[in-house]
Structure formats: C-alpha cells, structure tokens
A.B. asks: 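Got a structure here, written out as structure tokens. Questions coming.
One is the number of the first residue; the rest follow in order along the sequence. Only this structure's heavy atoms are used, side chains among them; waters, hydrogens and symmetry mates stay out.
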Amino acid sequence: MESNNKMLEIKSRIFDFFLSSSNLTQTTFLTQLQLLLKEELQAEQAIVTLEENLLSQDQSLICEQAVSYTISSSEGSNLENVVIPLFDEEHAIGKIDLHFLSPVPLPLDSFNQMSKELSIIFQHYNQYIFKRYEEKQYEELYAITSKFHSAMSVDGILSEVIKLLQRMYEDFSYLLLLTSDNDDLKHLPIKKLDFDDNNICAMNAYVTGEVQFENSIKDRRANIYIPIKGGQGVYGVMQIISLDAATLPESEIKFIKLLADATGAALENTQLYEQSKQVITDLQLINETSHQLNTNLRLTEVTSFMVKKILQSFHAKEVAFVFYQEKGMEILPGSTEFFQQSDMKEYLTHMKEFLYSDGEPLFIGDLRVHKRLSDLPFCSCMVIPMLIPNGGKGACVVTHPLPYFFSFEQFKLLQSLIHHSTLAFNNSMLREELEKYVITDYLTKLYSRKYLDDKIKKSMKNDSFGTFILLDIDDFKIVNDTYGHQVGDKILIQVANIIKTNIRETDIGARWGGEELAIYLPKVDLNLGESIVVRIIEKIREETDPGVTVSCGLSFWNKNTQDSPKDLFHRADYALYKAKDQGKDQLCIEGASEISEKVKN
C-alpha cells in the first residue's frame, strides 16, 4: 500500500511539473526527475540515463525487463544499488540508477511496478518531445519561408538555409550544388552542379527529383542528396555530409526535404521576380527610347542617343551604326571613336556579305575563332541588321573585349531596341534627304539660291568678312546648240563638281540660275578668295569635256563696308559682265581699290 502511495505521489509531482513548465526540455525534465526520485525515495543518488537518440531504438541498454538489485562490494560501504529499466514496448530506452543507504525503503516488487509506471511516463514523454520537436521544425520552416518572401534574393535565401541546417543539425556538414553560377556567393558552401562530375548520386537526385543515399564504410562517411525543386524544375541538390557515418531518421529527412522544396520554390520565385524586374526595365528602356526618338531628332542626334543608351544599358565597350548603300559604306557620326578608324572599314566590309546574303542577327561569343576577325581588340559581338531607305542595308554593331560577355537575353533586347529605333533612323534620313532636296539644285547638287541668300545674311551678321563669286559658263548656248542639252547638263554637273572639290565644307557652292553658278566663302579675305577662284577657273578649263571656260565676278565685304547681301550681289554681277566684255575666261573684281582702302583704314 505504501509503495502504491509513493508511486502515486511521484506521478502526481511529475504531472505537476509537466503542467507548470512552459519550456520543457530533455535536460530540465531529467534534472527535475532525478531530484524528485532522490527526494521521494530518500536515495543518496538518482541517475537517469537515456539512449542518445530517443527516437532511435536499434539497441537496448538492458537485456531484461526487470529491476536489478546489488549490494556494494566495497569494504566498509553500506550502499545498496537498484537499477530500474525503462522500456518502450519491447525495447529499452534507458535506466534509472538508485543508490540507497541500507536498508532499501521499498521491496523489489514495488520497484518493478515503478519501472512499468515510469516506462509509461517516458513513453508519453517521448511522444511529447517528438511533437514539440516536430512543432519546432514547422515553426522554423514557417519562419524561414517568411524570410524567403521578404528577402527575394538568392544570397539571402541560401544564407538562411545554411544557418537553419547548422542550427538544427550541427553535427553534419552541408554543400549546396546549384545549376546556376553563383560566383558572388563564395562565403557560402555552394558549388556549381557539374554535369561532367563523377558524383553519380548527386546527378541521380537532380535527374529523378528523389532523395539519394550514399554510404562509405571505409571512410566512415554518409551522404544524403536531396533535390532542390520548384514548381517549374530542379535548381540544384542539397548534400548533407556525416563524417561519422551517422544517419538521419526518416522524419528528419522528411523535414529537410520540405526545407529543400521551400528553398526551390523561393529560388524560383526570386528568379521570376528578377525576370519580371528585368522585363519592366527592358520595357522602360524601349519606351523611353521610342519616346525620345519620336521628337524629330537629326540623324546624328539619333545615332548619338542610341549609342549612349546601348553603352549604358548593355555595358558595351564599342558601338557603331553602319550603313551600306550604292555609294559605299558609311559609319554614322555618333558611333564610338574606335569605329571611326580608317582600318575598321576593312573589317566592317566583311559584314556586308553577311547582311546581303543572310540578313539574320549575329550573336558571337568569341570572335577569335573567326580568322578574318581574330585581330580585332574585342571578342563578344552582336550585329543587328537594319533596313534603310533606297534599298540600302545597315547594322548596329555592339562589342566588348571579354568573350561571352553578353547574355542571350541582352541579345534579344538589343534586337527589339533596334527594331523600334529603325523607323526613327529612316525618318531622320528621309527628312534630311528631303531638306537637302529643298535646299539643293536637282541637277548640279549645289545649294539653291535661297539657301545661299540665307547663309550670306547669317555670315554678314556673325562674321567679320567674306568673299562672293559669280561664275558664268562662256558660250553655253553654243554648247547646247552644238552638242545638245544633255551634254549641256553634263557640262553643268562637271563644273559643279569642280567647284565642290575645290572649296571647304563650310563654303557654299550654289546654282544662281541657268548656267550661272555662285560661291560664297565665309571668313575668307580678298587675296585668298582671288587665289581660290583662279584655281577653279584653271580646273574648269583643264578638266571639262567637252572643254569650256568660265567668266567670274568677285566681290568682298568686311565690317567697315556696311554692305548688304544685295550690294554684294550687285558688285559681283557688275564684275562678271566686265569679265565677259574683256574677253571671257577670266576674273574681275568689283570695287577692289575702294575695299582695299577701307581695309587699310
């Protein structure tokens, strides 16, 4: 009866401890139980020993399900020892060593009953610990999943996974074998999953999507390979390494598999998030570019704007827009200086064959494999064809010194960007061509008289001096009557070309009317203007076929003359008729002495 009461008291106090403890752990429970047994049984010592792993029941500490009783053999000792076995069904899960001073307070039958009761308590305790541990696992899983959603970065996700594994399974080592390149995550135990590697188990886990086990008795090493899966694919393998060949129970592997799946889903969501951000960035780039290109920019402005955008958005080193037309190849102003070099045209000429034969975009990871282009100081190259007016073709050429620098996504984006910008290029070209037609004589390709008038007015407002020349082809009516108007037109074109090749880009050659042509030389003084006209007269006499001559009248202005364009024209016209009257094929200068006097003053 006394033993029953004692057992009831022990059970009552154990249950009170269960109910009152808010954070029950194995250590606190065993410590409290030892104190409780020592107090209730008046023992000198109570030691509770459990299997190292309460969930693993492969070995038994006690072979018989019975209390053992011994008396200390030490001389002079009156200690008596009682060993109470703890069983879970058929397997021993631990023992309780009790040391008493003689005599033992209870009969052995009472201790046998206590063994059964305490074994039942420990069975419930095991279940409680298991549930608490399982709850902790899911709490950790919930917490890390929440962090995944807030992090949205590969570094953050993988760092949290490694921290959790090391916190929960500190006796194991870990390695994440990922399919993507993560060179910036060298601080984490991450390695690229190499498909040429001899790690068969890792590859099987990746291919099958199932957990793989590998045991090496010789090295006392065990590996578990758990695939990191998302909804759309497998992103790698989680390798768990045990250096003492210890194995994880099925429930732990199940938890780690859930963790690996959560990691795969998080990596997938992060990848989709980054892709969506990139798509938005790409669309913004295309939208901003299209908006800017629709503001009626000049061709040089369009080229400069596009080159700047491509350099910024693609981190390219060199960018050029190249047009191929009947008149030859043209590298548009605004392209980077590298492509302005004279020897670059030889390399770019090779692209003409490609553009006219294939016409598909070109994506080259390493130009060094191409013999004709291996000497170029860059390796990565993207070439996007462009259709331009009048049947011509062009291309946008983007390069970088490093091999395989551009991604395929960047290649597709560049295609879209060039597709949207081609219309702006064509519009600018057509607009400038139309403007050129408006200000250019159709036959001679010299400027129109209106354009000449406007430029002279602007020069007389902003410059300090200038020279104006009128040229008239001598006996042009006889040329038309003798050879026909087609030959007459041919003569006009020849004379116009001689004028264009003997003046600067800033000078203006214009068709004044009929067979009369005009030249304006801004910031050119009288002496230099005279020598230029003399040279042109000689060239016309020598290079026209059939040969013709010209009569010229020259006038000059400076700030002291207080001239208007009309005065300038009048004096040059008067000088022209003087040259005609004096025998043609010569130059006359009107008002030279007066102008010279004014210049001296």
A.B. asks: Taking NZ in K309 as the centre, count heavy atoms belonging to other residues, nucleotides or ligands within less than 6.0 Å. Is the count above 12?
C.D. replies: yes

A.B. asks: Decide if the gap between the ring center of F569 and the ring center of W557 is smaller than 6.0 angstrom.
C.D. replies: no

A.B. asks: Assess whether atom NZ of K559 is packed by more than 12 heavy atoms of other residues, nucleotides or ligands within 6.0 Å.
C.D. replies: yes

A.B. asks: Tell me the closest heavy-atom pair linking Q410 and S313, and the distance in Å.
C.D. replies: NE2-O, 4.4 Å

A.B. asks: So does D453 pair up with K450, basic N to acidic O under 4.0 Å?
C.D. replies: no

A.B. asks: Hey, does K455 have a side-chain heavy atom less than 4.5 Å from the side chain of Y520?
C.D. replies: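 They are not in side-chain contact.
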
A.B. asks: Among V161, L175, L177, whose side chain to side chain contact (heavy atoms under 4.5 Å, CB included) with M238 holds?
C.D. replies: V161

A.B. asks: Where do E301 and F305 land on the side chain to side chain contact (heavy atoms under 4.5 Å, CB included) test, with the steps shown first?
C.D. replies: CA-CA 6 Å; E301 293 173 330; F305 173 77; over 6 Å; no

A.B. asks: Applying side chain to side chain donor-acceptor pair (under 3.5 Å), run through D567 and S564 and close with a yes or a no.
C.D. replies: CA-CA 5 Å; D567 297 330; S564 67; 3.1 Å; yes

A.B. asks: Locate the shortest heavy-atom distance separating Q494 from D545; write the atom from each residue and the value.
C.D. replies: OE1-N, 2.7 Å

A.B. asks: Please check if the number of heavy atoms outside H570 that lie under 6.0 Å from its NE2 is greater than 12.
C.D. replies: no

A.B. asks: For the side chain to side chain donor-acceptor pair (under 3.5 Å) test, which of D474, D472, D475 pairs with T549?
C.D. replies: D474

A.B. asks: Under 3.5 Å, is there a donor-acceptor pair between the side chain of R535 and the main chain of E538?
C.D. replies: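 Answer holds: no.
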
A.B. asks: Indicate yes or no for a side-chain donor-acceptor contact from S335 to the backbone of I331 under 3.5 Å, with no hydrogens or angles considered.
C.D. replies: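 Judged by distance alone, no pair lies under 3.5 Å.
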
A.B. asks: Report yes if some heavy atom in the side chain of I469 is under 4.5 Å from a heavy atom in the side chain of L521; otherwise report no.
C.D. replies: yes

A.B. asks: If only atom types and distance count, is the side chain of D463 paired as donor or acceptor with the main-chain N or O of F465 below 3.5 Å?
C.D. replies: no

A.B. asks: Looking at K458, I'd like to know if its NZ atom is crowded, meaning that more than 12 non-hydrogen atoms belonging to other residues, nucleotides or ligands lie closer than 6.0 Å.
C.D. replies: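 No, not enclosed.
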
A.B. asks: Using the benzene-type ring in the case of Trp, are the ring centres of F405 and F378 under 6.0 Å apart?
C.D. replies: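 Centroid separation for F405 and F378: 6.0 Å or greater.
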
A.B. asks: Are the aromatic ring centres of F339 and F321 under 6.0 angstrom apart?
C.D. replies: no

A.B. asks: Say you draw a straight line from NZ of K523 to CG of N462; how long is it, rounded to the nearest 0.5 Å?
C.D. replies: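 With rounding to 0.5 Å, NZ (K523) is 8.5 Å from CG (N462).
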
A.B. asks: With side chain to side chain donor-acceptor pair (under 3.5 Å) as the criterion, how do E318 and T399 come out once you've worked through the C-alpha distance, each side chain's angles and the decisive distance to 0.1 Å?
C.D. replies: CA-CA 5 Å; E318 306 292 345; T399 70; 5.9 Å; no

A.B. asks: Look only at the side chain of S459 and the backbone of I456, and say whether a donor-acceptor pair between them is shorter than 3.5 Å.
C.D. replies: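 No, S459 side chain to I456 backbone: no donor-acceptor pair under 3.5 Å.
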
A.B. asks: Is the number of heavy atoms from other residues, nucleotides or ligands within 6.0 Å of NZ (K317) greater than 12?
C.D. replies: no

A.B. asks: Under 6.0 Å from the CG atom of L283, do we count more than 12 heavy atoms belonging to anything else shown?
C.D. replies: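 Atom CG in L283 is crowded, with more than 12 foreign heavy atoms closer than 6.0 Å.
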
A.B. asks: More than 12 foreign heavy atoms under 6.0 Å from NZ of K445: is that the case here?
C.D. replies: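 Count over threshold, so yes.
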
A.B. asks: If you count the non-hydrogen atoms of other residues, nucleotides and ligands that lie under 6.0 Å from OH in Y447, is the total more than 12?
C.D. replies: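 No, because the 6.0 Å sphere around OH of Y447 holds 12 heavy atoms or fewer from other groups.
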
